[in-house]
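Before any comments, here is the structure.
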Amino acid sequence: MARKMLVDGELSQTNADEAHYHFDLFVIGAGSGGVRAARFSANYGAKVGICELPFHPISSEVIGGVGGTCVIRGCVPKKILVYGAAFGGEIEDARNYGWEVNENLDFNWKKLLHKKTDEIIRLNGIYKRLLSSAGVKLFEGEGKIVGPNEVEVTQLDGTKLSYSAKHILIATGSRAHRLPIPGQELAITSDEALSLEDLPKRAVVLGGGYIAVEFASIWRGLGATVDLFFRKELPLRGFDDEMRAVVARNLEGRGINLHPRTNLTELIKTDNGIKVVTDHGEELIADVVLFATGRVPNSKRLNLEAVGVELDKTGAVKVDEYSCTNIPSIWAVGDVTNRMNLTPVALMEGTCFAKTVFGGESSKPDYSNIPCAVFSIPPLSVVGLSEEQAIEQANGDVLVFTSTFNPMKNTISGRQEKTVMKLVIDAETDKVLGASMCGPDAPEIMQGIAVGLKCGATKAQFDSTVGIHPSAAEEFVTMRSVSRRITAGGKPKTNL
Amino acid sequence: MRQLPPPQINSTNRCLMGGPHPPAQGSQTSISYIYTKARDGDRKRTNMATTSFTAPKLSSPTLQTLYRNLPVSVPLPKTRSSFSRHLSPSISRFHHHHLHRHRLFSVRAESENGAEPPRHYDFDLFTIGAGSGGVRASRFAANFGASVAVCELPFSTISSETTGGVGGTCVLRGCVPKKLMVYASKYSHEFDESNGFGWKYDAEPKHDWSTLMANKNAELQRLTGIYKNILNNAGVILIEGRGKIVDPHTVDVDGKLYTARHILISVGGRPFIPEITGSEYAIDSDAALDLPSKPEKVAIVGGGYIALEFAGIFNGLTSEVHIFIRQKKVLRGFDEEIRDFVGEQMSLRGIEFHTEESPQAIVKSADGSLSLKTNKGTVEGFSHIMFATGRRPNTKNLGLESVGVKMNKNGAIEVDEYSRTTVPSIWAVGDVTDRINLTPVALMEGGALAKTLFQNEPTKPDYRAVPSAVFSQPPIGQVGLTEEQAIKEYGDIDVYTANFRPLKATLSGLPDRVFMKLVVCAETNKVLGLHMCGEDSAEIVQGFAVAVKAGLTKADFDATVGVHPTSAEEFVTMRTPTRKIRQKPDSEGKTGLEAKAAAGV
């Protein structure tokens with residue numbers, strides 16, 4: 001009912017404009033943010049077109065695919081490989097539970113890869129159907145902006161289509177970035193890493209971000225020797241320092257060789273593999289070198305300069321709180337804006353965009369207390385502030401509750417790996433400012449905790465919740481003893 | 001001044017005195033805080049401070065925090081002299097601290113709580129039963145300054161009138177060994193899953209039962225030792241033996257009398273097997289957790305959570321499993337859709353359900369195998385028949401009738417909101433009261449009782465939105481109201497459901513699915529209930545339980561961004577109600593359902 005009235009309202013107001021636009025909205029890029037914005041806009045009654053590059057697991061200037069990074073080259077295939085790799089540890093753990101498993105385990109990488117590709121093809125199809133059932137018109141080809149209300153789509157055969165649209169949404173995402181060092185062409189990015197022909201025996205990963213630690217975990221779990229190089233003392237800059245140390249310890253515990261404060265300076269092709277040279281003068285030979293050294297927004301080939309859409313110095317499209325660029329008819333959501341590069345955030349931005357523009361309800365994405373996960377093995381998940389951020393932002397004292405324990409499963413498996421959980425509290429208001437966990441199931445556990453944080457839950461409310469026994473998660477509601485109190489104005493303990 | 005309490009040279013102390021291990025560091029700290037507290041006299045602040053660094057917590061994950069190398073104290077055989085009423089000259093410094101401490105704090109406790117005429121008791125609190133509730137209440141009471149003793153039966157994996165063990169059902173015959181067995185049994189499913197992810201095994205992995213039992217029992221020994229240390233470190237006197245109430249202030253433990261200002265009954269419950277022909281051949285959950293060899297073909301009678309958990313365990317450890325339930329569906333009291341879903345999923349994993357079949361007799365045949373005769377026929381060839389047909393409170397031979405502690409018809413002790421029985425000085429917590437029989441609830445009751453009695457802070461346990469899990473395979477997690485309860489209580493509700501194939505199953509090719517449900521009040525938008533069946537349910541529901549307990553709304557759920565890709569994110573991305581249940585806008589204002597609900601009140 002409400003929806004219909006809005007549509008009617010819009011029709012009557014904009015009757016004159018409607019006449020000379022092909023679409024109410026044209027979206028460039030059918031990834032998470034673009035598809036969400038397109039579908040929801042269509043549901044509000046808008047006439048929507050969307051264009052996307054042809055499908056392939058490895059992206060380029062001219063290759064993409066409906067579903068975008070998340071479905072084709074990110075979250076989904078990554079998680080599939082993490083599942084596959086986690087069995088390595090599981091099988092080891094099974095032995096002390098009485099399972100007799102052959103020492104000679106066979107892992108068939110090609111089978112996993114093949115099934116992964118099947119799955120992303122299936123999801124690609126589902127996304128296409130989602131669009132068509134929402135009434136969104138999909139064009140395959142490269143989109144460019146020609147004017148504030150004009151897009152041009154270059155199709156596969158080279159023919160060009162021109163469409164006018166009342167609103168244009170840029171949702172072209174981002175791509176992996178390579179470090180410009182000699183021999184960089186020998187390295188791969190995460191795109192290729194998700195589609196390697198053969199499983200590497202010796203893998204080198206460069207980078208300290210979540211992509212780097214995830215791939216290090218995947219390859220290690222599948223049996224490769226893995227060397228992880230990063231610039232800082234600890235991986236995962238921006239996360240809680242204590243949790244970073246936990247992740248580092250766990251990666252090492254699982255057999256990954258960590259090389260902190262180390263850069264790669266050169267890659268050289270040899271008969272034996274790729275020779276990797278570090279700035280400490282070390283050399284090692286690898287079958288695969290992965291650069292997980294950041295991602296850059298896909299804004300270059302959109303012809304943005306022609307219409308004057310402003311970019312920041314990293315190439316990200318600049319937008320206001322409603323995701324509008326400096327050109328009032330052009331909007332942008334998702335990684336191309338480089339705000340918080342997560343699928344659910346792009347979904348939120350896409351939803352808010354549709355509400356604002358076609359739903360008659362101005363709606364800003366809310367970036368507070370967004371939970372996220374690093375699917376290392378074991379995983380890390382956080383929501384809200386790190387201890388360091390809390391100390392910086394809180395007016396009064398900050399209370400830190402931590403719990404380090406041996407998960408029950410490990411008591412028999414014998415695995416030496418502690419789970420660590422942490423709550424950061426504003427001492428004055430009792431509000432939970434941040435929660436983190438590194439250990440099995442952390443991402444699944446953190447989702448519910450995130451609802452509490454989003455709504456300003458207090459430590460007392462956590463405490464009043466009865467535990468689910470025996471679980472790891474119950475530790476979040478049974479933390480009675482404060483580990484430390486940081487008084488107002490206290491300096492962060494370290495800055496690693 | 002009151003007299004010194006009678007010295008208790010209990011097995012734990014002896015162990016610590018004579019054993020190869022020095023007292024754990026915690027016990028030293030614990031003693032030092034006692035003096036601190038006595039000195040500055042600021043009760044509340046010191047209590048908080050001490051709790052923060054001395055008291056190890058009780059919940060199982062916390063046990064997990066206590067590392068494996070903690071000394072395990074094995075109970076020494078009880079001797080008559082160890083319960084001597086006379087202070088033995090050989091008492092160690094360690095023990096002396098205990099005594100010293102009791103004097104200090106019992107006096108304090110009396111002066112603060114003592115509205116009654118002065119009377120000298122051996123203890124401020126005497127607890128019968130050192131399971132979850134009893135240990136929690138005792139330990140917290142001691143932390144609040146009370147002198148506390150607790151008695152418990154000797155350790156055994158099988159409980160009886162004469163055996164039990166520190167840690168109680170949860171640690172020895174419930175949550176912990178059950179979960180360890182669940183871990184063990186889940187691997188067979190994981191091996192199947194791993195095939196879909198490219199892993200191949202030369203030979204099908206085989207399971208060695210004795211390895212599992214040995215490792216499980218070693219872990220239980222370790223945990224019962226940790227529990228004893230926890231009591232010790234808190235300054236609680238542990239007495240091994242069977243406690244019986246003699247009068248409102250006196251407990252008899254194997255012939256020795258102890259007086260106490262307050263008595264706490266926390267003796268828990270035990271499995272119950274109905275009397276049918278041949279029921280002596282049946283096993284209960286205690287025995288099922290400690291079988292000497294793998295049951296080849298097992299019948300499980302019962303449809304409750306224990307039945308489902310064991311069905312999953314035995315099925316995963318490659319036994320042939322049959323479940324016999326009286327009703328059409330398993331898990332009475334759970335959300336109807338969850339009941340249907342878990343039954344389907346378990347059937348898909350190879351468990352055979354015999355519905356609406358009541359057991360009538362067990363017959364042992366010449367070859368030693370067992371047959372189960374039901375109202376519908378006879379199924380033969382079982383190596384084991386397990387009854388998971390409920391649990392009963394352990395209230396027999398406790399002397400309750402003689403002192404006037406009232407019990408209900410199931411033998412559960414009747415208590416008020418503060419866990420007080422019909423005798424003012426006698427209290428009861430945990431399964432023996434048959435309120436909500438869960439470890440964390442017993443902990444809550446025990447904690448609340450300690451506050452009520454020894455911190456001048458009358459505290460009622462809060463039974464709203466208590467989450468719980470069933471560690472079936474797949475597991476269930478839930479908090480709040482079922483759809484059926486919500487309709488009764490609120491009338492108009494919106495129900496959101498999701499039933500999907502998780503990412504893992506799309507690759508493994510197994511028929512695993514996940515079911516999730518939110519029950520939302522149509523008027524207030526509050527989330528009244530949350531239910532899930534599928535991998536990781538128990539872990540997932542805990543965080544949401546905080547939100548449900550805090551009374552958060554569906555809009556609050558929606559405002560939360562998902563963690564991608566997880567199963568849990570589905571709970572914050574349910575946009576469209578599956579159904580809206582509305583009472584007819586009747587002219588009378590009352591519909592059939594509402595009237596029924598009202599009649600029920």
Side-chain angles (χ1 to χ4, degrees), chain A residues 75-76 79-80 83-84 87 90 94 96-102 104 106-109 111-112 115 119 343-344 348 370-371 373 404-409 411-412 441 443-452 454-455 457 461-462 464-475 478 481-482, chain B residues 51-52 57 59-61 64-65 175-176 179-180 183-184 187 190 194 197-203 205-208 211-212 215 219 439-441 444 466-467 469 503-504 506-507 536 538-547 549-550 552 556-557 559-569:
Chain A
C75 320
V76 173
K79 184 91 190 269
I80 288 173
Y83 277 135
F87 288 114
E90 290 295 317
N96 276 343
Y97 278 97
W99 289 96
E100 290 157 5
V101 188
N102 263 357
N104 299 325
D106 180 38
F107 172 71
N108 184 338
W109 169 255
K111 179 175 176 185
L112 178 56
K115 295 188 78 166
E119 175 62 9
T343 290
M348 170 173 69
I370 289 176
T404 301
F405 59 91
N406 198 25
M408 191 193 277
K409 193 174 180 180
T411 60
I412 284 191
D441 303 326
E444 298 286 357
I445 290 169
M446 201 54 67
Q447 183 70 75
I449 302 288
V451 178
K454 186 77 186 180
C455 300
Q461 284 173 317
F462 272 64
S464 77
T465 305
V466 173
I468 292 182
H469 187 68
S471 67
E474 68 180 314
E475 200 67 14
T478 55
S481 323
V482 69
Chain B
T51 314
S52 71
K57 287 174 283 173
S59 68
S60 174
Q64 297 159 357
T65 72
C175 319
V176 174
K179 186 89 188 272
L180 293 174
Y183 281 130
Y187 286 111
E190 285 173 45
S194 71
F197 285 84
W199 293 87
K200 228 175 86 190
Y201 307 88
D202 282 355
K206 280 210 179 66
H207 188 256
D208 180 59
T211 302
L212 174 61
N215 289 344
E219 174 62 11
T439 290
V441 170
M444 170 172 70
V466 170
L503 182 58
K504 202 173 194 177
T506 59
L507 270 277
D536 300 329
E539 299 289 356
I540 289 170
V541 167
Q542 182 70 75
F544 289 105
V546 177
K549 176 85 182 192
L552 297 185
D556 294 326
F557 275 57
T560 306
V561 173
V563 178
H564 188 70
T566 59
S567 291
E569 67 180 316

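The chains referred to below are lettered A, B, ... by the order of the sequence lines, with proteins before strands, and numbering in each begins at 1. Bear in mind that the values here come from a model prediction, so they are computed numbers and not experimental data.
No other option in A/E90, A/M446, A/K111 has as many heavy-atom pairs under 4.5 Å with chain B as A/E90. Here A/N108 is the residue among A/N108, A/V76, A/V101 with the most heavy-atom pairs under 4.5 Å with chain B. Ranked by heavy-atom pairs under 4.5 Å with chain A, the list B/S194, B/A545, B/A547 is led by B/S194. Options B/M444, B/E190, B/H207, B/K200 differ in how many heavy-atom pairs under 4.5 Å they form with chain A, and the most are formed by B/H207. In terms of heavy-atom pairs under 4.5 Å with chain B, the best-connected choice from A/P344, A/P443, A/C75 is A/P344. Annotation: maximal heavy-atom pairing with chain A below 4.5 Å, among B/G543, B/G198, B/S567, occurs at B/G198. The candidate from B/V546, B/L212, B/T439, B/D556 with the greatest count of non-hydrogen atom pairs under 4.5 Å with chain A is B/V546.
Side-chain contact check for A/I412 versus B/Y183: every heavy-atom pair is 4.5 Å or farther apart. For the pair B/T506 and A/K115, the minimum side-chain heavy-atom distance is 4.5 Å or more. Looking only at side-chain heavy atoms (C-beta outward), B/Y201 and A/N102 stay at 4.5 Å or farther from each other. Contact check for B/L180 versus A/Y97: side-chain heavy atoms found under the 4.5 Å cut-off. For the pair B/P467 and A/V466, the minimum side-chain heavy-atom distance is below 4.5 Å. Two residues are said to be in side-chain contact when any heavy atoms from C-beta on lie closer than 4.5 Å; B/T211 and A/E100 fail this criterion. Counting heavy atoms from C-beta on, the side chains of B/L507 and A/L112 come closer than 4.5 Å. With contacts defined as side-chain heavy-atom distances shorter than 4.5 Å, the pair A/I80/B/F197 qualifies.
The side chain to side chain contact (heavy atoms under 4.5 Å, CB included) test with A/E444 singles out one residue from B/V563, B/I540, B/V541, and that residue is B/I540.
Only the side chain of B/D536 comes within less than 4.5 Å of a heavy atom in chain A; its backbone stays farther off. Looking at B/L552, only its side chain comes within 4.5 Å of chain A, counting heavy atoms on both sides. If you measure heavy-atom distances from A/S464 to chain B, the contacts under 4.5 Å come from both the backbone and the side chain. Of the atoms belonging to B/K549, it is side-chain heavy atoms, and not backbone ones, that fall under 4.5 Å from chain A.
Counting all heavy atoms, side chain and backbone alike, B/V561 lies closest to A/M348 at CG2-SD, 3.8 Å. The two residues A/W99 and B/A184 make their nearest non-hydrogen contact at NE1-O, 2.8 Å. Heavy-atom minimum distance, A/G84 versus B/W199: O-NE1, 2.8 Å. Contact record, B/A559 with A/K454: O-CE, 3.2 Å, taken as the closest heavy-atom pair.
Once rounded to the nearest 0.5 Å, the distance linking OG1 of A/T343 with CD of B/E569 reads 9.0 Å. In this structure, the separation between CD on B/Q542 and OG1 on A/T478 is 8.0 Å, given to the nearest 0.5 Å. B/T566 contributes atom OG1, which lies 11.0 Å from atom CG of A/D441 (distance to the nearest 0.5 angstrom).
Looking only at distances, no side-chain donor or acceptor of B/E539 sits under 3.5 Å from a matching main-chain atom of A/I445.
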